[in-house]
There are 2 protein chains.
Amino acid sequence: MSTVLPTNRVDTIERLKSAGVTPTQQRVEIAQLLFARHQHVSAEQVLAMANAHSSVVSKATVYNTLGLFASKGLLREVIVDPTKVFYDSNTSEHHHFYNVDSGELMDIQGESVQLADLPELPAGTQAEGVDVIIRIKQTPNS
Amino acid sequence: MSTVLPTNRVDTIERLKSAGVTPTQQRVEIAQLLFARHQHVSAEQVLAMANAHSSVVSKATVYNTLGLFASKGLLREVIVDPTKVFYDSNTSEHHHFYNVDSGELMDIQGESVQLADLPELPAGTQAEGVDVIIRIKQTPNS
DNA sequence: GAGTAAATTAGACAAAGTCTAGAAATTCAC
DNA sequence: GTGAATTTCTAGACTTTGTCTAATTTACTC
């Protein structure tokens, strides 16, 4: 169930190739950051992480790369915050808690949420995916 | 189940008052447009609809009003498009199809989607709502 | 109707993301 | 290797959605 987490550059490059992505220096850099562990990050965060020490990737490349990775199934886009897109490095099927107070996004573990079954889709369409988001908020301490 | 659809100004004003919203001219104008039928609209669309003939509402007021209506439960925010927020004038509990090709948002009728039950929430939080979005795409005609 | 609070407004501003045109890598043929 | 073609990367201009500010207008209370 859980996605394999490569730890070294060689594994990362192999994973990119398997997904049909040419492993350029910038892409490997970003992939290393993202695939190190399951996390939810915005483009801005990736840009900051990648360039923390020295400048290695441009803004345009971060956006291009995240979009490319998502289209190849290496990342999952999560749309819950009206101001920015989150990218989830856990691509296995799962759903999310979204804390509307803190803006924090969390995976819902395991199979604890299941849809009975899909409703009939509009004619001429097919399902691409199902997102379940449980919006939560801080319980006001009485 | 279905939300009552007021047809005249008096009903609209009454509905705003019941929700604790002072019925100003601009708010009634926007409410009339939105509550006429179940629909999914963006702020930009509301602005265009309201000012189609003569200028009656400013951009800032449209944003303020939609936010206010949503906070009072008169509208439901739907976050599926990374570029803009949709407001749904159907506030009864239901879920959505989102056509990623056309950007179209559709209600899923009735109780055809049900969650078994909610997973355990993170400590100190409570559920605010559950969004289920089935992303669909055009079936490529073979 | 005067005073106060709430609502509206134009337009400046902010932030996420896209686009463009050129520079740098990479690939391939020879 | 050398040069041509292709892909990728880049800085920075640009677009779009949405927010903020400061001033004006409206509405409500006495």
Side-chain angles (χ1 to χ4, degrees), chain A residues 9 12-13 16-17 19-33 40-51 54-72 74-75 77-88 98 100 103 105, chain B residues 9 12-14 16-17 19-33 40-51 54-72 74-88 98 100 103 105:
Chain A
R9 225 157 177 94
T12 300
I13 289 172
L16 292 183
K17 281 185 185 166
V21 172
T22 308
T24 66
Q25 205 212 306
Q26 287 82 351
R27 288 171 183 172
V28 173
E29 201 63 46
I30 292 173
Q32 285 274 100
L33 289 170
H40 304 105
V41 290
S42 64
E44 194 196 6
Q45 282 180 289
V46 172
L47 185 61
M49 285 159 71
N51 296 337
S54 57
S55 180
V56 292
V57 201
S58 73
K59 185 171 103 166
T61 297
V62 167
Y63 279 97
N64 287 343
T65 301
L66 292 175
L68 177 67
F69 283 8
S71 78
K72 298 295 188 180
L74 292 168
L75 288 177
E77 282 186 346
V78 184
I79 300 175
V80 281
D81 182 325
T83 73
K84 58 177 168 288
V85 174
F86 282 110
Y87 291 88
D88 189 344
Y98 178 62
V100 296
L105 186 62
Chain B
R9 227 158 176 93
T12 300
I13 289 173
E14 211 42 57
L16 292 183
K17 281 185 185 165
V21 171
T22 309
T24 66
Q25 203 211 305
Q26 287 82 352
R27 288 171 183 173
V28 174
E29 200 64 44
I30 292 172
Q32 285 274 101
L33 288 169
H40 304 105
V41 291
S42 65
E44 194 196 7
Q45 281 180 290
V46 172
L47 185 61
M49 286 159 70
N51 296 338
S54 57
S55 182
V56 292
V57 201
S58 72
K59 184 171 103 167
T61 297
V62 167
Y63 279 97
N64 287 344
T65 300
L66 291 175
L68 177 67
F69 284 8
S71 76
K72 298 295 187 178
L74 293 167
L75 288 177
R76 175 167 161 191
E77 282 186 347
V78 184
I79 300 176
V80 280
D81 182 326
T83 72
K84 59 177 168 287
V85 174
F86 281 110
Y87 292 88
D88 188 345
Y98 178 62
V100 298
L105 187 63

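In what follows, chains carry the letters A, B, and so on, assigned in the order in which the sequence lines appear, proteins first and then strands, with residues in each chain numbered from 1.
One can place CG of A:Leu68 at 14 Å from P of D:dT7, the figure rounded to the nearest angstrom. The CZ atom of A:Arg27 sits 16 Å away from the P atom of C:dA25 (whole-angstrom rounding). Summarising the geometry, the separation between CD on A:Gln45 and P on C:dA15 is reported as 15 Å, rounded to the nearest angstrom. In this structure, A:Leu66 places its CG atom 14 Å from P of C:dA16, rounding to the nearest Å. The nearest whole Å value for the distance from the NZ atom in A:Lys17 to the C1' atom in C:dT26 is 14 Å. Atom CD of B:Glu29 is separated from atom P of C:dT9 by 11 Å (rounded to the nearest Å).
From A:Gln32, atom CD reaches atom CD1 of A:Ile13 across 8.0 Å, with rounding to the nearest 0.5 Å. One finds the CG atom of A:Asp81 at 9.5 Å from the CG atom of A:Leu105 (value rounded to the nearest 0.5 Å). Note that the CE atom of A:Met49 and the CG atom of A:Leu47 stand 11.0 Å from one another [nearest 0.5 Å].
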Legend entry - Protein proximity profile, nucleotides 25-30 of chain D - base contact B, sugar-phosphate-only contact S, no contact -, cut-off 4.0 Å on heavy atoms: ------
Inset, instruction - Could you run through nucleotides 10-20 of chain D and give me one letter per nucleotide, 5' to 3': B if any protein heavy atom sits under 4.0 Å from the base, S if only the sugar-phosphate is that close, - if neither? - result: BB-----SBBB
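Legend: residues meeting side chain to side chain donor-acceptor pair (under 3.5 Å) with B:Ser42, ordered by chain and number and at least two apart, are B:Gln45. With sequence neighbours left out, A:Lys72 forms a salt bridge (Lys or Arg N to Asp or Glu O under 4.0 Å) with no residue at all. Every residue two or more places apart in sequence or in another chain was checked for a salt bridge (Lys or Arg N to Asp or Glu O under 4.0 Å) with B:Arg27, and none qualifies.
For residues 58-70 of chain A, the pairs satisfying side-chain hydrogen bond (donor to acceptor under 3.5 Å, both in side chains) are A:Ser58-A:Thr61, with sequence neighbours left out.
Between the side chain of B:Asn51 and the main chain of B:Val56, a donor-acceptor pair closer than 3.5 Å is present.
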